[in-house]
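Step one of this worksheet: look at the structure below.
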Amino acid sequence: MRRLPAEFEEQSFIQIIFPHAQSDWANYLQEAEANFIAIINAVIDYQDCLVVCHDIEYVRSKFEANKRLHLVQAPSNDTWARDCSAICVYENDSPLLLDFTFNAWGGKFNAALDNLLTQRLGDYYDAPIQQLDFILEGGGIESNGKGTLLITSECIFNPNRNDLSRDESLSYLKRQLGVEHILCLEHGYLSGDDTDSHIDTLARFVDPSTIAYLQCKDPADEHYEALRQMEAQLQSFKDQDDNPFTLIPLPFTRAIYDEEERLPATYANFLILNQAVLLPVYNDPRDKQAISTLQGCFPDRQIIPVDCSTLIRQHGSLHCVTMQFPSKVKLKNLM
């Protein structure tokens, strides 16, 4: 019997891919490195972090020695660890790493190296790996740990992912992830997002019965109507026991642009750690409100704001560049 643990459950480590000159960060690599260094340093204040390096000695020079920081060398196309890393389920209470196929959100970019990353890192995981011929990204799913999965139809059923019907895809996810109840959002998007509306940009479980979600209050904003409809659908959702969810609205940032392109800034893209939550902020007037709101969601965890103004220039944010591994997945063979 399988179960997909929630992010708010106890974790073993966070996995991150460090930016390099052959990635899309090349034009502002120094700024990107500073952003990733800030995230990694915040993580290792609380728990272990496995950093995948294009040049391990170069990355090592960026950090002070720390027993929680583990560096490994492996080639990568880019740095979106959430989407190309293994997804861990518990099978009969033992960890199993599911290596789904990664095609860079429907073939939008080159992903051959990223798709091989889990297999290349296999010697470092003290858990078996199962390769799956099904395209799925970690940012596309949200688990409450109790058998309910939250997804968006735009992503999961997009024909640029799998040549399956909606029912076939749902059946496959239920079987592989060990979930019994899948809730599909039909509305909600972020301008500038490359992922076809990943759920982790829009709505997140903060405990088994509570969802934090993006709310847009400005009728003049292009997102207003889609997010209003998303909110209405969330209000209609019920969990695996037929109970409604507690809903916590997150603020919406002002429109942020890179030249003429609107960027997908979102406070929903936070990362939960064992004793803290890393919250992306954007030098926005609503940053303080987001911090306060999230503190209410996690009264026993410290909220750590991390400026992610650079990350959104490549159309993702903090959660997108990280992947948590639950407590029973141990690291091994590290130097």
>> Has D284 got a side-chain atom pairing as donor or acceptor with R254's backbone, closer than 3.5 angstrom?
In response: yes
> Quick one: do R166 and E186 make a salt bridge, cutoff under 4.0 Å?
Replying inline: yes
> Are a donor atom and an acceptor atom from the side chains of D167 and S165 found within less than 3.5 Å of each other?
Replying inline: no
> Does the side chain of Q15 come under 3.5 Å of the side chain of Y124 through a donor N or O and an acceptor N or O?
Replying inline: no
>> Side chains of L71 and F18, heavy atoms from C-beta outward: is any pair under 4.5 Å?
In response: no
> Would you say T322 and R82 make side-chain contact, with heavy atoms under 4.5 Å?
Replying inline: yes
> Would the number of heavy atoms belonging to other residues, nucleotides or ligands and lying under 6.0 Å from NZ of K217 be above 12?
Replying inline: no
> Is the side chain of S61 donor-acceptor paired with the backbone N or O of Y58 at a distance under 3.5 Å, no angle test?
Replying inline: yes
> Is the shortest heavy-atom distance from the side chain of I14 to the side chain of I40 under 4.5 Å?
Replying inline: no
>> Is there a path of hydrophobic side-chain contacts, each under 4.5 Å between heavy atoms of I/L/V/M/F/W/Y residues, joining L294 to L214?
In response: yes
> Going through the checks in order, is the side chain to side chain contact (heavy atoms under 4.5 Å, CB included) test met by V89 and L177?
Replying inline: CA-CA 7 Å; V89 296; L177 299 177; 4.2 Å; yes
> Closest heavy-atom contact between T195 and R161?
Replying inline: O-NH2, 2.9 Å
>> Using a 6.0 Å cut-off, check whether atom CD of E64 has over 12 heavy atoms from anything other than its own residue.
In response: no
> Hey, does F102 have a side-chain heavy atom less than 4.5 Å from the side chain of L117?
Replying inline: no
>> Is the ring pair F100/F134 parallel, tilted or perpendicular, if the boundaries are 30 and 60 degrees?
In response: perpendicular
> In this structure, which one of I303, L279, V277 forms a side chain to side chain contact (heavy atoms under 4.5 Å, CB included) with Q295?
Replying inline: I303
>> Test side chain to side chain contact (heavy atoms under 4.5 Å, CB included) on F157 and L170; report intermediate values, then the result.
In response: CA-CA 9 Å; F157 309 129; L170 289 173; 3.6 Å; yes
>> Do N144 and Q240 pair up side chain to side chain, a donor and an acceptor below 3.5 Å, judged on atom types alone?
In response: yes
>> Tell me whether E231 is salt-bridged to R228, with the criterion being a basic N under 4.0 Å from an acidic carboxylate O.
In response: no
> Looking only at atom types and distance, does a side-chain atom of N333 sit under 3.5 Å from a main-chain N or O of D123, one as donor and one as acceptor?
Replying inline: yes
>> For F205 and F245: C-alpha separation, side-chain torsions, deciding distance, then whether ring pair (Phe, Tyr, Trp, His ring centres under 6.0 Å) applies.
In response: CA-CA 10 Å; F205 284 114; F245 292 98; 5.7 Å; yes
>> Do F270 and L318 sit in one hydrophobic cluster, given that two such residues count as connected whenever their side-chain heavy atoms are within less than 4.5 Å of each other, even indirectly?
In response: no
> Do D241 and K146 sit within salt-bridge range, that is, some charged N less than 4.0 Å from a carboxylate O?
Replying inline: no
> Between N115 (side chain) and N103 (backbone), is there a donor-acceptor pair under 3.5 Å?
Replying inline: no
> Is a side-chain donor-acceptor pair under 3.5 Å present for T210 with D207?
Replying inline: yes
> Say you draw a straight line from CZ of F36 to NZ of K62; how long is it, rounded to the nearest 0.5 Å?
Replying inline: 14.0 Å
> Within 45° of the axis and under 6.0 Å from the centre of the six-membered ring of Y28, does NZ or CZ of R313 qualify?
Replying inline: yes
> Does the side chain of R204 pick up a donor-acceptor pair with the side chain of H319 at under 3.5 Å?
Replying inline: yes
>> Do L98 and T118 make a side-chain contact, defined as non-hydrogen atoms from C-beta onward lying under 4.5 Å apart?
In response: no
>> Nearest 0.5 angstrom please: L150 CG to D239 CG, how far?
In response: 12.0 Å
> Are there more than 12 heavy atoms of other residues, nucleotides or ligands under 6.0 Å from atom CG of D163?
Replying inline: no
>> Please determine whether residues Y213 and F298 belong to a single hydrophobic cluster, defined as Ile, Leu, Val, Met, Phe, Trp and Tyr linked transitively by side-chain heavy-atom distances below 4.5 Å.
In response: yes
> Is there a donor-acceptor contact under 3.5 Å from the side chain of D218 to the main chain of Y224?
Replying inline: no
> Would you say the side-chain atoms of R301 pair up with the backbone N or O of F8, donor to acceptor, closer than 3.5 Å?
Replying inline: yes
>> Pairing donors with acceptors under 3.5 angstrom, does anything connect the side chains of Q11 and Y46?
In response: no
>> To check you understand the geometry: which heavy-atom pair defines the closest contact between P264 and G316, and what is its length?
In response: CG-N, 4.4 Å
>> Walk me through whether Q47 and E10 qualify under side chain to side chain contact (heavy atoms under 4.5 Å, CB included).
In response: CA-CA 11 Å; Q47 63 199 66; E10 185 181 356; over 6 Å; no
> Quick one: CD on E31 to CH2 on W25, what's the gap to the nearest 0.5 Å?
Replying inline: 10.0 Å
> Per the side chain to side chain contact (heavy atoms under 4.5 Å, CB included) rule, which among H223, M230, H198, E154 passes with Y189?
Replying inline: H223
> Side-chain donor-acceptor pair under 3.5 Å between Q233 and H187, yes or no?
Replying inline: no
>> Is it the case that atom CG in D133 sees more than 12 heavy atoms from other parts of the structure closer than 6.0 Å?
In response: no
> Which heavy atom in L173 sits nearest to a heavy atom in V179, and how many Å separate them?
Replying inline: O-CG2, 4.0 Å
> Do I304 and I16 belong together in a cluster built from hydrophobic side chains that touch within less than 4.5 Å?
Replying inline: yes
> Applying the 4.5 Å side-chain criterion to the ILVMFWY set and letting contacts propagate, would L250 and I256 be lumped into a single cluster?
Replying inline: yes
>> Looking at K332, I'd like to know if its NZ atom is crowded, meaning that more than 12 non-hydrogen atoms belonging to other residues, nucleotides or ligands lie closer than 6.0 Å.
In response: yes
>> Can you give me the closest heavy-atom contact between Y125 and L331, atom names plus distance?
In response: CD2-CD2, 4.4 Å
>> If we ignore hydrogens and angles and just use 3.5 Å, is the side chain of R3 paired with the main-chain N or O of G178 as donor and acceptor?
In response: no
> Any idea which heavy atoms bring D24 and Q314 closest together, and the distance?
Replying inline: O-NE2, 3.2 Å
>> When you compare the side chains of N160 and D196, does any donor N or O come within less than 3.5 Å of an acceptor on the partner?
In response: yes
> In Å and rounded to the nearest 0.5 Å, what is the CG to SG distance from N283 to C308?
Replying inline: 10.5 Å
> What distance separates I39 CD1 from L271 CG, expressed to the nearest 0.5 Å?
Replying inline: 8.5 Å
>> Taking the side chain as everything from C-beta on, heavy atoms only, tell me whether L227 gets closer than 4.5 Å to D221.
In response: no
> Do Y90 and E9 have a side chain donor and acceptor closer than 3.5 Å?
Replying inline: no
>> Students often mix this up, so state it plainly: with edges at 30° and 60°, are the rings of W80 and W105 parallel, tilted or perpendicular?
In response: perpendicular
> Any side-chain heavy-atom pair from S76 and H20 closer than 4.5 angstrom?
Replying inline: yes
>> For a side chain to side chain contact (heavy atoms under 4.5 Å, CB included) check, start with the C-alpha distance between V321 and I17, then their side-chain angles and the critical distance, and finish with the verdict.
In response: CA-CA 7 Å; V321 298; I17 306 169; over 6 Å; no
>> With a 4.5 Å cut-off on side-chain heavy atoms, are P19 and L29 touching?
In response: yes
> When rounded to the nearest 0.5 angstrom, what distance separates CD1 in I141 from CG in L4?
Replying inline: 5.0 Å
>> To check you understand the geometry: which heavy-atom pair defines the closest contact between A268 and A203, and what is its length?
In response: CB-N, 4.4 Å
